[in-house]
Chemist: 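Encoded as structure tokens, here's the structure I'll be asking about.
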Amino acid sequence: MHDLRMVREHIDALRAGMRRRGVLDALSPTIDRAVALDKARRETIQAVEERKAARNAVSQQVGQRKRAGESADDLQQQSRLLGDEIARLDRELAQTEGELSAILLELPNITLDQVPAGGEDKNAVVRSWGAPRDGARVQPHWEIGAKLGIIDFERGAKISGSGFIVFREMGARLVRALMNLMLDVHSREHGYQETWVPVVVNRASMTGTAQLPKFEEDMYALRDEDAFLIPTAEVPLTNLYRDEIIPESELPKSFTACSPCFRREAGAAGKDTRGLLRVHEFDKVELVRYVTPESSEEQLELLTGHAEQILTQLDLPYRVVRLASGDTGFASAHTYDLETFAPGVGKWLEVSSCSNFTDFQARRANIRYKPSDGGKPRFVHTLNGSGLAFPRVIASILEHHQQEDGSVRIPAALSTYLGAERLG
RNA sequence: GGACAGGUGGCCGAGUGGUUGAAGGCACCGGUCUCGAAAACCGGCAUACCGGUGAACCCGGUAUCGAGAGUUCGAAUCUCUCCCUGUCCGCCA
């Protein structure tokens with residue numbers, strides 16, 4: 001969410017930001033409307049506060065008269081009339097503010113200068129590690145997974161629906177091993193506080209991290225309560241400090257959690273649906289950091305490095321992609337995607353998305369810090385990234401580490417946790 | 001799920017219709033005192049929004065005592081709904 005001052009004083013910067021995302025044409029009337037609403041809001045506030053001041057003064061006189069044992073009927077009548085006007089203006093104000101805040105909640109964050117302008121084709125690989133292998137003789141992960149008896153797509157679909165996966169035997173153990181490896185690395189080596197969070201969250205939390213109101217159709221909602229299944233542990237971890245003020249001495253604050261993630265993928269029907277590439281429920285280890293505004297960009301580099309570390313340990317080739325403005329998520333100001341190569345399907349798979357949200361989420365969720373110099377509380381910057389998402393990592397392991405005989409080599413860092421050096 | 005009891009400023013805690021934005025205490029900041037510290041004493045100490053020339057300081061106003069709605073000339077104080085916390089009972093992995 002943007003500061004209302006952005007609308008009032010830096011409207012050109014706001015427009016420029018929307019233009020760089022390629023959404024200005026669609027949002028221009030909305031922005032104009034916001035400017036008008038802001039003006040109307042201030043006028044109404046002045047009108048209503050003027051009357052409230054008058055009523056307060058009259059009421060005080062009523063009190064004085066009554067204590068003196070005098071009648072105050074005339075004053076009471078005057079106050080009643082003011083009250084009617086106040087009620088009318090208050091309703092008007094509530095409507096204006098409601099519409100204005102709805103607009104503010106639907107405007108995406110402005111990307112930072114280092115983010116290339118343009119669409120997906122302007123995404124830029126900033127570095128890479130390892131070499132993608134030739135996939136000519138590599139079976140796709142859904143074939144090898146079925147042969148090894150570790151992934152059961154059919155029964156997942158039967159018990160839940162398409163896009164829900166049952167892992168069996170060593171597949172199930174693999175999930176558990178990945179969870180333990182990632183949580184151990186991030187908590188012990190990278191200093192994140194290990195956390196276990198609810199996967200059901202309320203509307204305020206979903207709004208705080210900006211899944212709502214714009215993306216409600218992508219969320220699984222509960223039927224009997226105004227609550228949702230999380231699409232990522234980012235939601236509970238970032239809302240941990242919603243409506244709180246953190247002492248600067250505690251920053252940066254960092255958290256990691258493993259959780260299931262639920263995504264309806266409403267707009268992605270038929271895209272990458274094969275195998276493990278796009279599923280409705282998956283597990284993921286998430287990283288979240290609360291940092292000072294001055295440090296958020298260097299903190300993004302740090303966090304991205306932490307996620308990369310897992311790919312290195314899994315011995316999977318990867319590349320780091322800086323997303324162009326048009327491809328950057330709604331709430332993010334700067335995003336690196338981590339992609340690992342899956343030779344069986346011949347594609348780079350996004351296994352992590354590391355973002356600097358600047359103060360966009362902090363403003364929505366009202367997360368501030370108290371500066372050590374005694375200054376007024378300021379909004380923190382929030383960051384998060386996957387470290388990593390399991391299904392695509394599993395796909396990549398099954399394909400990239402696949403041997404000629406159809407067995408799969410398990411990299412050393414993982415075999416300790418899995419208790420096996422190969423599958424099959 | 002049922003029955004009680006509660007939710008007041010950073011914390012504790014007064015306050016049941018009218019100078020209460022809110023007593024008192026703690027914490028914190030500044031000062032006096034001291035070689036220094038502690039103690040004592042003096043003073044200060046909420047936030048947001050609107051306006052006063054779109055900075056700072058300052059001034060005026062409005063709002064905020066879990067949230068929302070209502071009664072009233074006037075609500076922290078009365079009524080209703082909801083949320084949360086505690087205790088006991090029931091149920092349950």
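A, B, ... follow the sequence lines: proteins, then strands. Residue 1 opens every chain.
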Chemist: Taking the ring centre of each residue, are Tyr290(A) and Tyr241(A) less than 6.0 Å apart?
Modeler: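 Here the rings of Tyr241(A) and Tyr290(A) have centres that are less than 6.0 Å from each other.
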
Chemist: Indicate whether the side chain of Ser259(A) and that of Lys284(A) have a donor and an acceptor atom separated by less than 3.5 Å.
Modeler: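 Not at all, the side chains of Ser259(A) and Lys284(A) share no donor-acceptor pair under 3.5 Å.
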
Chemist: Name the closest nucleotide to the Asn56(A) side chain, picking from rG61(B), rC50(B), rA63(B).
Modeler: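 That would be rA63(B).
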
Chemist: Classify the ring geometry of His334(A) against Tyr336(A): parallel below 30°, tilted from 30° to 60°, perpendicular beyond 60°.
Modeler: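 Plane angle between 30° and 60°, so tilted.
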
Chemist: For Arg19(A), is there an ion pair with Asp12(A) - N to carboxylate O distance below 4.0 angstrom?
Modeler: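 Looking at Asp12(A) and Arg19(A), the cut-off is not met.
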
Chemist: Go through Thr195(A) and Gln193(A) one step at a time and tell me if the side chain to side chain donor-acceptor pair (under 3.5 Å) criterion holds.
Modeler: CA-CA 6 Å; Thr195(A) 314; Gln193(A) 183 181 125; 4.6 Å; no

Chemist: Given side chain to side chain donor-acceptor pair (under 3.5 Å), test Asn202(A) with Ser205(A) step by step and report yes or no.
Modeler: CA-CA 6 Å; Asn202(A) 58 31; Ser205(A) 293; 3.1 Å; yes

Chemist: Can you identify which nucleotide, out of rC49(B), rG51(B), rG74(B), has its nearest atom closest to the Glu49(A) side chain?
Modeler: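 Closest nucleotide among those given: rC49(B).
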
Chemist: So that I know where these two stand, are Phe330(A) and Phe215(A) an aromatic pair - ring centroids less than 6.0 Å apart?
Modeler: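 Ring-ring flag for Phe330(A)/Phe215(A): true, centres closer than 6.0 Å.
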
Chemist: Does rU47(B) have OP1 or OP2 sitting under 4.0 Å from an N or O in the side chain of Lys376(A)?
Modeler: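 Indeed, a polar side-chain atom of Lys376(A) lies that close.
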
Chemist: Which dot-bracket notation, 5' to 3', represents the base pairing of RNA chain B when pairs are defined as Watson-Crick or G-U with both distances under 3.5 Å, crossing pairs as [ ], and inter-strand pairs as |?
Modeler: ((((((((.[[[..)..(.....]]].(((((.......))))).(((((((.....))))))).[[[[[..)....]]]]])))))))....

Chemist: Testing the 3.5 Å rule here: is there a donor-acceptor pair between the side chains of Thr328(A) and Ser325(A)?
Modeler: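 Checked: Thr328(A)/Ser325(A) side chains show no N/O donor-acceptor pair below 3.5 Å.
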
Chemist: Give a yes/no answer on whether the side chain of Arg42(A) brings an N or O atom under 4.0 Å of OP1 or OP2 in rC50(B).
Modeler: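 So the side-chain polar atoms of Arg42(A) never come under 4.0 Å of the phosphate oxygens OP1 or OP2 of rC50(B).
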
Chemist: Dump the pairs, protein N or O against N or O of nucleotides 15-21 of chain B, anything under 3.5 Å, distances to one decimal.
Modeler:
residue, atom, partner, partner atom, Å
rG18(B), N2, Ser59(A), O, 2.9

